[in-house]
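Within every chain, numbering begins at 1; the chains are lettered A, B, ... in the order of the sequence lines, protein sequences first and strands thereafter.
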Protein chains: 2
Amino acid sequence: MSISTASKALNDSGRMSAETRERVKKVALEVGFRPNALARGLITKRSFTIGLLTNDTYGRFTLPVMAGVSEELVGHGVSVFLCAIEDDSERARVHVDAMLDKSVDGIIASGKRLDRQLPVDLTGLAVPVVYAFTKGPVDGVTLRSDDEQGARLAVRCLMDAGCRRIVNVTGPKTFQSVRERADAYRATIDGPPEVLHGIWSEAWGHEAVAQLWDRGGEKPDGIFCGNDQIARGVVDALRERGVRVPEDVAVVGFDNWDIVAAQTRPPLTTVDMNLRTLGREAGRLVLAMSEGREVQPGIRKLPCSLVVRQSCRGLEAPA
Amino acid sequence: MSISTASKALNDSGRMSAETRERVKKVALEVGFRPNALARGLITKRSFTIGLLTNDTYGRFTLPVMAGVSEELVGHGVSVFLCAIEDDSERARVHVDAMLDKSVDGIIASGKRLDRQLPVDLTGLAVPVVYAFTKGPVDGVTLRSDDEQGARLAVRCLMDAGCRRIVNVTGPKTFQSVRERADAYRATIDGPPEVLHGIWSEAWGHEAVAQLWDRGGEKPDGIFCGNDQIARGVVDALRERGVRVPEDVAVVGFDNWDIVAAQTRPPLTTVDMNLRTLGREAGRLVLAMSEGREVQPGIRKLPCSLVVRQSCRGLEAPA
DNA sequence: GTGGCGTGAGAAAATGTTTTCTCATATTGA
DNA sequence: TCAATATGAGAAAACATTTTCTCACGCCAC
């Protein structure tokens with residue numbers, strides 16, 4: 001039995017009798033034959049390897065994305081290099097070079113902001129690149145969450161819960177996602193909008209509540225927060241003031257960061273960006289591109305979903 | 001100029017005049033020559049690739065370890081495959097097989113508990129394995145934090161701050177690290193020890209404070225918590241009762257999970273397990289083993305350090 | 001002057017696959 | 001029955017390197 005015949009049998013290529021093919025496969029299984037991926041890659045130009053580049057060191061956004069990518073690709077025999085670069089363009093370059101040396105089949109660039117590029121230029125590379133949850137070039141393939149749709153979900157939940165005066169306590173105006181979410185908020189509520197910008201911290205949530213409650217005039221009965229940390233600050237501050245959540249004021253967060261949302265008292269209703277799904281999609285796309293299939297460039301927005309806990313119950317679901 | 005001469009020049013092997021060597025290197029640089037890692041790996045049996053296996057999906061422990069590993073190895077041209085397996089032994093097997101197919105030079109097994117093995121057997125593999133922050137076989141190379149030493153640091157900090165009655169509010173007794181930390185606590189304090197076991201959550205921190213304060217008798221003036229989440233619950237509960245931290249009661253946590261420790265009011269003094277350093281060490285060891293250098297099996301304990309914030313100030317540092 | 005040796009450089013083998021080519025045999029049609 | 005065609009299997013080339021061998025040349029000593 002020649003090596004070439006065996007190869008053809010195992011790869012379902014070439015011409016041969018079904019009987020021979022079966023026989024080879026059976027023996028290969030018995031003997032535990034594992035083809036050497038390096039030798040195979042050398043000739044096929046595919047390493048069954050992709051690189052995931054990220055500058056999100058907390059892993060808050062990258063880990064779910066990574067999990068999705070891996071989940072999608074492991075069935076195709078593709079493994080994932082994870083490279084954490086912390087906004088250091090030189091280090092990023094080293095990592096990218098290392099990946100190229102290993103002839104990855106593609107690269108997924110991921111980050112923590114939709115309006116910032118990674119500190120390294122990935123255009124003009126010989127391998128396909130997919131941008132997931134980070135800014136890519138205009139002619140690149142980019143995946144992101146649909147923040148406007150997510151914000152609409154959140155605000156509608158508050159409205160369904162009966163809120164009439166809803167305020168948006170959110171992060172810095174410099175973040176594109178902050179502006180998008182605020183815009184969707186303005187377009188969805190009935191009354192006059194009020195947007196309070198601050199930083200992404202619990203402390204700002206506290207302070208915002210102080211501002212809103214210590215001034216005269218009507219108090220809000222619903223608060224749409226820019227992320228879960230701010231929401232937690234808001235909820236804590238309200239509880240300290242004796243304001244009941246969600247009876248007096250309903251609160252909705254953004255991110256569904258489990259560790260924050262679930263530990264808040266009461267647990268947060270919040271928007272989930274479905275980053276795992278986004279990761280799967282990124283994996284699917286980069287694999288398709290590496291196999292030469294045509295992929296339309298442009299920005300793909302993936303829908304968010306609402307995770308209802310106790311800080312805002314919206315309409316009760318029909319029984 | 002023959003290919004073989006070029007190869008020898010670039011690898012500083014073989015015999016040749018220094019002049020030729022220099023000339024080859026210069027041209028290689030100019031022309032941007034990058035050797036194909038696959039072909040190189042095929043012959044040298046080294047892929048300059050290692051696999052990091054983890055069942056810590058939150059990334060709380062794995063991300064710092066990963067960062068350390070990567071940091072240590074990128075300079076040697078080694079890239080890291082990250083495989084997140086969630087206690088699914090079949091999936092783990094698939095990932096390990098994929099790594100072996102790609103002939104990784106070594107595997108680092110990492111986890112979230114020191115007393116649990118990953119759901120896959122890594123003994124008898126052809127490649128070296130290092131266990132980092134997870135349980136390994138007795139004859140394996142294992143790296144872990146020195147929890148007893150870390151606990152001593154924490155308790156001493158409380159004692160230095162003047163605490164006389166220190167209580168240990170911690171996680172489930174089934175965790176080895178809980179027992180080790182509690183043992184160190186018992187051995188370090190002066191008075192009679194008191195250890196309260198619960199789950200790893202803020203809610204348990206609250207409840208523990210309720211138990212301690214709602215019963216009669218002397219109140220503690222120092223609380224050593226099993227992790228930062230419990231510590232946060234404790235601090236929040238104390239504040240709600242009007243107990244001042246650290247003036248009335250000093251609190252020390254464990255883990256230095258930034259997102260929890262820094263957002264607590266006041267910010268937590270806590271023990272850092274130096275997981276990044278642990279990761280670096282794991283990278284160093286697996287690299288050494290893959291290069292055939294002898295590494296003593298056994299458990300290596302790496303020291304923890306204390307991060308002083310405001311919940312316990314210990315002795316003021318000399319000016 | 002010639003044998004031995006050190007030196008530098010190229011030739012060739014090896015790595016483990018896939019793929020293309022070649023060839024022998026069996027099958028079919030006239 | 002013989003040529004044409006289809007079929008199955010092996011031989012060989014290719015992939016991009018490293019490494020071991022071989023060889024030519026010059027130098028030195030005897």
Side-chain angles (χ1 to χ4, degrees), chain A residues 1-49 76-79 97-106 125-127 287 290-292, chain B residues 1-49 76-79 97-106 125-127 287 290-292:
Chain A
M1 169 68 48
S2 76
I3 297 178
S4 41
T5 308
S7 167
K8 280 180 289 191
L10 295 175
N11 293 309
D12 286 325
S13 68
R15 293 179 312 195
M16 63 177 41
S17 66
E19 191 259 343
T20 313
R21 210 179 281 282
E22 278 315 304
R23 206 154 43 90
V24 171
K25 285 186 178 173
K26 185 159 159 291
V27 173
L29 202 65
E30 275 173 14
V31 86
F33 172 75
R34 323 207 103 259
N36 181 317
L38 272 60
R40 171 178 257 171
L42 193 56
I43 180 109
T44 60
K45 308 289 178 200
R46 291 196 54 192
S47 61
F48 291 92
T49 279
H76 298 270
V78 176
S79 304
D97 283 348
M99 297 198 303
L100 293 178
D101 284 350
K102 274 140 197 150
S103 28
V104 290
D105 298 334
L125 256 47
V127 297
L287 184 67
S290 78
E291 286 170 347
Chain B
M1 169 67 46
S2 77
I3 298 178
S4 42
T5 309
S7 168
K8 280 179 288 191
L10 295 175
N11 293 311
D12 286 325
S13 67
R15 294 179 312 198
M16 64 177 39
S17 66
E19 191 258 344
T20 314
R21 213 180 277 283
E22 279 314 306
R23 206 154 43 90
V24 171
K25 284 185 178 176
K26 185 159 158 292
V27 172
L29 203 65
E30 276 173 14
V31 84
F33 172 75
R34 323 206 104 262
N36 181 316
L38 270 60
R40 170 178 259 171
L42 193 56
I43 181 103
T44 59
K45 307 288 176 206
R46 290 197 55 194
S47 61
F48 291 92
T49 279
H76 298 270
V78 176
S79 305
D97 283 347
M99 297 196 305
L100 293 178
D101 283 350
K102 273 137 200 155
S103 29
V104 290
D105 297 335
L125 257 44
V127 297
L287 184 68
S290 78
E291 286 169 348

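Contacts with DNA chain C (heavy atom under 4.0 Å) in residues 16-26 of chain B: B/Met16, B/Ser17, B/Thr20, listed by number. Heavy-atom distances under 4.0 Å link DNA chain D to no residue of residues 97-106 of chain A.
In this structure, the salt bridge (Lys or Arg N to Asp or Glu O under 4.0 Å) partners of A/Glu291, at least two apart in sequence or on a different chain, are A/Arg46, A/Arg293. Residues that satisfy the side-chain hydrogen bond (donor to acceptor under 3.5 Å, both in side chains) test with B/Ser290, not counting sequence neighbours, are absent from this structure. Partners of B/Ser17 according to the side-chain hydrogen bond (donor to acceptor under 3.5 Å, both in side chains) rule, which considers only residues two or more places apart in sequence or in another chain, are B/Thr20. Legend: residues meeting side-chain hydrogen bond (donor to acceptor under 3.5 Å, both in side chains) with A/Arg21, ordered by chain and number and at least two apart, are absent. Residues passing the side-chain contact (heavy atoms from CB on, under 4.5 Å) test with B/Ala28, sequence neighbours excluded: B/Leu10, B/Phe33. In this view, B/Lys45 satisfies the salt bridge (Lys or Arg N to Asp or Glu O under 4.0 Å) rule with no residue, not counting sequence neighbours. By the side-chain hydrogen bond (donor to acceptor under 3.5 Å, both in side chains) test, B/Ser47 pairs with B/Asp105, sequence neighbours left out. Listed by chain and residue number, B/Asp97, B/Asp101 satisfy the salt bridge (Lys or Arg N to Asp or Glu O under 4.0 Å) test with A/Arg34 (two or more places apart in sequence, or in another chain).
Rounded to 10°, the helix from C/dG1-D/dC30 to C/dA30-D/dT1 has 60° between the axis fitted to its first five pairs and the one fitted to its last five.
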Where protein sits on nucleotides 13-23 of chain C, one letter per nucleotide: B base, S sugar-phosphate only, - none, heavy atoms under 4.0 Å = -BBBSBBB---
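Atoms CG and NZ, on B/Leu100 and B/Lys102 in that order, are 10.5 Å from each other to the nearest 0.5 Å. Separating the CD1 atom in A/Ile43 from the CG atom in B/Leu42 is a distance of 11.0 Å, to the nearest 0.5 Å.
The environment of CD1 in B/Ile3 is sparse: at most 12 heavy-atom neighbours from other residues, nucleotides or ligands sit within 6.0 Å.
B/Lys26 pairs with exactly one of B/Glu22, B/Arg23, B/Glu30 by the side chain to side chain contact (heavy atoms under 4.5 Å, CB included) rule, that one being B/Glu30.
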